> 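Here it is, the structure in full.
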Amino acid sequence: MVSKTLDFALTPAELTQFQRDGYIGPFDVYEPEEMEENFRALRPKLINTKTAIYGGKSTVSGVTNLSNYDRHIDVDFLAQHITNPRIVDRVVSALGPDVLCWRTEFFPKYPGDEGTDWHQADNFSNVAGSKHPQIVWPEDAQFGGTITVWTAFTDASIETGALQFIPGSQSQMNYDETKTMDYDPERINAMEKGETRRGFFGYDYRQLQKDPNWRPDESKAVSMVMRKGQSVMFWSTLMHASHPHAGKTDQMRLGYAARYLPPSVSVYPYSTTLDEFGGHASLEKFGNVMVAGANRFHHNKFIDRTLNGYVFPVRETGSPA
Ligand SMILES: O=C(O)CCC(=O)C(=O)O
Ligand SMILES: [Fe+2]
């Protein structure tokens with residue numbers, strides 16, 4: 001139990017809403033000017049991938065790839081961001097007092113880019129190959145998936161690629177993660193789904209569909225229009241996608257996804273490498289980061305908290321160590 005009252009905890013009504021809809025927000029994390037200033041200072045650091053734990057080997061420029069994974073480990077602002085109480089307290093409300101962050105990813109959309117295709121991720125073998133669940137919950141767990149907090153580092157409008165959700169879809173998987181998808185960079189920005197240009201960064205998510213003839217019911221979709229500095233929190237098993245970037249402005253949209261779990265979940269139990277989005281990298285330098293409470297388990301690897309001279313603060317939740 002959480003014995004400490006946290007400043008930014010979800011209210012009981014918000015928690016009920018989160019459990020029903022699979023998401024909550026948008027909520028404010030930064031003032032717009034604050035976000036803009038931080039992003040300006042961040043950009044040159046992101047371009048310098050020498051310190052990135054996956055060696056900055058990017059195979060496809062401009063789309064999601066391993067060089068924009070886990071930059072919270074080497075970039076101070078992102079380290080601070082994943083431990084921000086406005087985010088962590090809300091995650092604690094949903095997951096309980098003990099929380100780790102295992103993954104962060106940037107999702108850029110440049111003018112003209114396709115929308116992200118509809119998808120759900122449960123054990124994250126989706127792009128990692130069917131034999132490599134990246135997260136494994138204890139057998140008696142009531143949930144699967146991870147909590148993602150997606151933060152708008154730029155404004156995200158319908159025309160620049162706002163996220164879309166199908167509320168309440170988080171408890172039924174439409175995709176089978178024991179199936180495999182193949183990666184083909186030729187597909188990027190070259191796919192049509194009905195009326196909309198959508199794809200999954202070189203993968204075709206339809207390959208994982210349990211029923212090849214099923215189509216997401218887009219009439220139920222809601223758009224998350226967000227201003228820079230806002231975040232939204234959702235289960236990765238929620239049906240989610242994004243609008244294409246219509247290219248009517250030259251402003252890109254950038255989302256930063258931070259993924260959280262209780263430490264009872266095993267992270268990368270079966271892999272020593274990441275092989276996704278056409279990239280390949282060793283997990284040797286990978287480690288989870290505790291962001292709240294305490295860890296009573298021994299199955300996960302954690303980073304050296306003083307790596308790069310930055311000490312990640314841990315939110316005190318009153319959890320017994
Ligand atoms: O930003 C996007 O377009 C997709 C984000 C997403 O799929 C995620 O955060 O899991
Ligand atoms: Fe996703």
Side-chain angles (χ1 to χ4, degrees), residues 22-26 29 60 62-66 68-72 78 81-82 87 91 101-128 134-135 144-166 169-170 173-175 177 181 187-189 191 193 196-206 208-209 216 218 221-228 230-246 251-261 276-277:
Y23 73 95
I24 194 87
V29 174
V60 189
V63 296
T64 192
N65 62 52
L66 296 179
N68 66 34
Y69 269 26
D70 296 347
R71 297 301 303 269
H72 62 282
L78 300 174
H81 173 78
I82 63 155
I87 293 174
V91 178
C101 175
W102 64 285
R103 156 83 60 82
T104 64
E105 279 169 66
F106 280 103
F107 286 97
K109 294 256 176 255
Y110 293 93
D113 278 358
E114 66 192 3
T116 303
D117 200 4
W118 288 104
H119 65 287
Q120 294 171 297
D122 182 356
N123 66 25
F124 279 77
S125 65
N126 54 352
V127 291
Q134 296 192 334
I135 57 173
T146 190
I147 284 189
T148 294
V149 178
W150 190 102
T151 303
F153 276 30
T154 64
D155 289 338
S157 66
I158 292 187
E159 296 200 330
T160 60
L163 281 183
Q164 293 173 279
F165 296 147
I166 298 183
S169 57
Q170 71 279 6
M173 284 292 284
N174 300 300
Y175 304 92
E177 289 177 321
M181 291 192 285
R187 283 199 192 107
I188 297 169
N189 286 327
M191 300 224 295
K193 296 281 173 71
T196 314
R197 294 174 48 249
R198 289 187 199 276
F200 200 77
F201 313 101
Y203 292 92
D204 186 344
Y205 227 89
R206 288 174 296 192
L208 295 190
Q209 275 181 214
E218 297 197 53
V222 294
S223 297
M224 295 291 112
V225 172
M226 292 161 70
R227 64 138 178 91
K228 58 187 110 167
Q230 289 189 312
S231 301
V232 66
M233 165 170 137
F234 63 100
W235 278 114
S236 59
T237 52
L238 182 71
M239 282 290 291
H240 61 288
S242 72
H243 290 278
H245 191 309
Q251 301 291 306
M252 60 140 9
R253 86 78 158 133
L254 187 65
Y256 184 60
R259 311 210 194 271
Y260 297 94
L261 288 169
E276 347 190 307
F277 300 111

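It should be emphasised that the depicted structure is a prediction, and the values quoted were computed from it without experimental measurement. Atoms within a ligand are numbered from 1 in the order they appear, just like the ligands themselves.
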> Number the atoms of ligand 1 from 1 as they appear, then name those within less than 4.0 Å of a heavy atom of Thr116, with their elements.
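Numbered from 1, ligand 1 contributes 2 (C), 3 (O), 4 (C).
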> Under 4.0 angstrom from ligand 1, any heavy atom of His119?
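For ligand 1, residue contact (heavy atoms, under 4.0 Å) with His119 is present.
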> Output the list of atoms in ligand 1 that are nearer than 4.0 Å to some heavy atom of Arg253, sorted by atom number.
1 (O), 2 (C), 3 (O)
> Please determine whether ring pair (Phe, Tyr, Trp, His ring centres under 6.0 Å) holds for the pair Trp102 and Phe124, giving the CA-CA distance in whole Å, both sets of side-chain angles, and the decisive distance to 0.1 Å.
CA-CA 12 Å; Trp102 64 285; Phe124 279 77; 5.1 Å; yes
> Please work out which of the three classes, parallel, tilted or perpendicular, describes the rings of Phe201 and Phe107, given edges at 30° and 60°.
tilted
> At under 4.0 Å between heavy atoms, which part of Arg259 makes contact with ligand 1: side chain, backbone, both or neither?
side chain
> Given NE2 of His119 on one side and NE2 of His240 on the other, what angle do they make at the Fe ion (ligand 2), to 10°?
80°
> Is the ring pair Tyr256/Phe106 parallel, tilted or perpendicular, if the boundaries are 30 and 60 degrees?
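Because their plane-to-plane angle lies in the 30° to 60° range, the rings of Tyr256 and Phe106 count as tilted.
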> List every atom of ligand 1 that sits less than 4.0 Å from any heavy atom of Ser242, numbering the atoms from 1 in the order shown and giving each element.
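Answer for ligand 1: 3 (O).
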> Would the Phe153 and His81 ring centres measure less than 6.0 Å apart?
yes
> With no hydrogens and no angle check, do the side chains of Arg253 and Thr154 hold a donor and an acceptor under 3.5 Å apart?
no
> Please list, in number order, the atoms of ligand 1 under 4.0 Å from a heavy atom of Ala257.
9 (O)
> Does the side chain of Gln164 reach to within under 4.5 Å of the side chain of Trp118, using non-hydrogen atoms?
yes
